[in-house]
Amino acid sequence: MIKIGILGVGTVGASVANILEANADIIEARAGKKIVVKSGIVKNLSKDRDVNIELSDNPYDVVDDPEIDIVVELMGGVEEPYKLVKKALENGKAVVTANKALLAYHRYELQEIAGDIPLMYEASTAGGIPIIGALRNGLTANHIESIQGIMNGTTNYMLTKMIKEGALYDEILKEAQELGYAEADPTFDVGGFDASHKLLILASLAYGIDAKPEDILIEGIENITQTDVAFAKDFGYEIKLLGIAKKVEDGVELRVHPTMIPASSMIAKVDGVMNAVSVVGDRVGETMYYGAGAGGDATASAVIADIVDIVRGNTTPMLGYKKCLEGSAFELLPEEDIVTNYYLRMEVDDKSGVLAKITNELEQFDISIESMLQKPHRNDEHVKLLFTTHSCQELKIQAAMVELRKLDCVHGNIAMMRIEK
Ligand code: HSE
């Protein structure tokens with residue numbers, strides 16, 4: 001019999017305990033051994049929980065318990081779980097974690113500490129989708145050309161409701177929290193940080209890149225307006241918060257931001273809490289992974305898959321390789337060197353010569369306009385000017401925006417969104 005201890009019995013922890021009990025037969029048949037939860041750790045012992053396990057508020061009751069074989073870490077946070085996971089590994093216990101923030105900061109140290117002890121994290125990225133397994137096992141023959149996808153269920157749920165039903169941002173965020181999708185601090189979701197943690201984990205598996213969230217371009221969904229949504233619809237795009245890892249000539253681009261993507265693409269059709277990740281390998285071509293990106297049972301499904309894998313004796317190294325992947329060939333491409341298409345939204349005077357001034361500024365940076373729309377404003381002398389560019393370098397669009405803001409005919413902030421074709 002294998003005994004589990006759970007650090008953090010919240011939505012996911014309770015689902016893990018309940019599924020292990022409800023589906024015990026099928027899980028035992030697949031793992032080859034009976035798996036039971038011995039105990040769980042919570043912060044507040046007086047809160048009612050829908051679980052049938054022994055609870056304590058001292059994490060060392062699990063981490064130092066000689067009877068526990070596998071520690072499941074579902075606490076959230078970074079430094080406290082790092083300390084506990086390290087201790088559990090030092091005590092010779094296998095660890096399963098769903099904690100993407102922990103891995104975004106400490107995955108390489110943890111791989112070192114774990115050595116041959118299993119440390120698994122399928123649930124950390126894209127909820128119930130087996131994307132870690134795909135990169136660690138299924139695609140090992142390939143050089144990975146790109147990884148692109150919707151990696152945060154909360155924001156996809158919000159964008160879908162805002163775009164398709166005109167729902168209000170605050171109300172829909174509250175709904176996502178009530179459904180158990182959002183992080184304890186939902187700014188991690190809406191600000192793109194949660195997706196960046198997942199992207200960094202995938203980039204480690206694919207490219208061996210040791211970057212931290214602070215090193216990469218991260219933008220959230222907070223500034224998307226109904227004007228952007230309407231423009232996207234008129235011009236055949238959907239807006240999705242994407243995590244993008246792309247091998248380019250001089251390195252690997254890593255970025256998370258709201259993105260306009262062709263409405264006809266598969267990822268554009270992924271709505272609600274669902275996540276989808278496309279991985280392109282040099283030999284296999286494009287592969288797609290789709291499923292619930294958040295929620296208790298979907299995430300617990302991935303946690304239990306890891307537990308079963310450990311019980312079966314899987315000893316694959318944590319990041320899928322022991323030796324540094326392809327030497328140090330992969331460098332993180334600096335943000336300013338990213339090349340893509342852009343959408344800009346600005347308020348300008350409704351006067352002759354304004355367009356000429358704007359296109360003149362863009363010409364200074366060799367930026368060419370692809371499409372343009374001017375929306376009259378009824379009660380104001382300003383109009384909204386929306387346009388997309390042909391592909392250009394991030395450095396140039398940022399510099400052009402600085403110059404455009406200085407023009408007398410441009411008012412307020414200029415909003416920008418990147419486009420992936
Ligand atoms: N808050 C996360 C999301 C949970 O919405 O995707 C799953 O990691």
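Note that ligands are numbered from 1 as they come in the structure, with each ligand's atoms numbered from 1 the same way.
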Revision key, fill the gap. Salt bridge (Lys or Arg N to Asp or Glu O under 4.0 Å) with E90: of K93, K87, K86, only one passes, and it is K86

Review point. Is there any N or O on S124 that sits under 3.5 Å from an N or O of ligand 1?
Key: no

Exercise for review: Any chance you could lay out the salt bridge (charged side-chain N to carboxylate O under 4.0 Å, His left out) test for E67 and K38, step after step, and finish with the verdict?
Suggested key: CA-CA 9 Å; E67 280 189 25; K38 181 176 179 224; 3.7 Å; yes

Review point. What do we get for T155 next to ligand 1 when only non-hydrogen atoms under 4.0 Å count, side chain, backbone, both or neither?
Key: neither

Review point. Do other residues, nucleotides or ligands put more than 12 heavy atoms under 6.0 Å from R49 CZ?
Key: yes

Review point. With backbone taken as N, CA, C and O and side chain as the heavy atoms from C-beta onward, which portion of D189 lies under 4.0 Å from ligand 1: side chain, backbone, both, or neither?
Key: side chain

Practice item. Please check if the side chain of N142 supplies one atom and the backbone of V284 the other of a donor-acceptor pair under 3.5 Å. Key: yes

Exercise for review: If you have a sec, work out which protein heavy atom is nearest atom 5 (O) of ligand 1 and how many Å separate them, to one decimal?
Suggested key: T154 OG1, 2.6 Å

Check your understanding: Just which atoms of ligand 1 are under 4.0 Å from any heavy atom in K198?
Key -> 2 (C), 3 (C), 6 (O), 7 (C), 8 (O)

Point to revise | Sidechain N-carboxylate O distance under 4.0 Å for D170, K174 | key: no

Review point. Is the backbone N or O of S146 less than 3.5 Å from a side-chain atom of K247, with the two atoms forming a donor-acceptor pair by type?
Key: no

**Study point:** Protein contact to atom 7 (C) of ligand 1 [nearest heavy atom, distance to 0.1 Å]
**Key:** G293 O, 3.3 Å

**Study point:** Contact check, G127 vs ligand 1, heavy-atom distance below 4.0 Å
**Key:** no

Revision key, fill the gap. The atoms of ligand 1 lying under 4.0 Å from a heavy atom of A294, numbered in the order shown, are 3 (C), 4 (C), 5 (O), 6 (O), 7 (C)

Exercise for review: Run down the list T11, N152, T299 and name the one with the heavy atom closest to atom 3 (C) of ligand 1.
Suggested key: N152

Practice item. Report the nearest protein non-hydrogen atom to atom 2 (C) of ligand 1: residue, atom name, distance rounded to 0.1 Å. Key: E183 OE2, 3.1 Å

Point to revise | From CA spacing to verdict: side chain to side chain donor-acceptor pair (under 3.5 Å), S56, N58 | key: CA-CA 6 Å; S56 143; N58 177 5; 5.7 Å; no

Check your understanding: Salt bridge between K33 and E28, side-chain N to carboxylate O under 4.0 Å?
Key -> no

Check your understanding: Does an N or O from G153, backbone or side chain, lie closer than 3.5 Å to an N or O of ligand 1?
Key -> yes

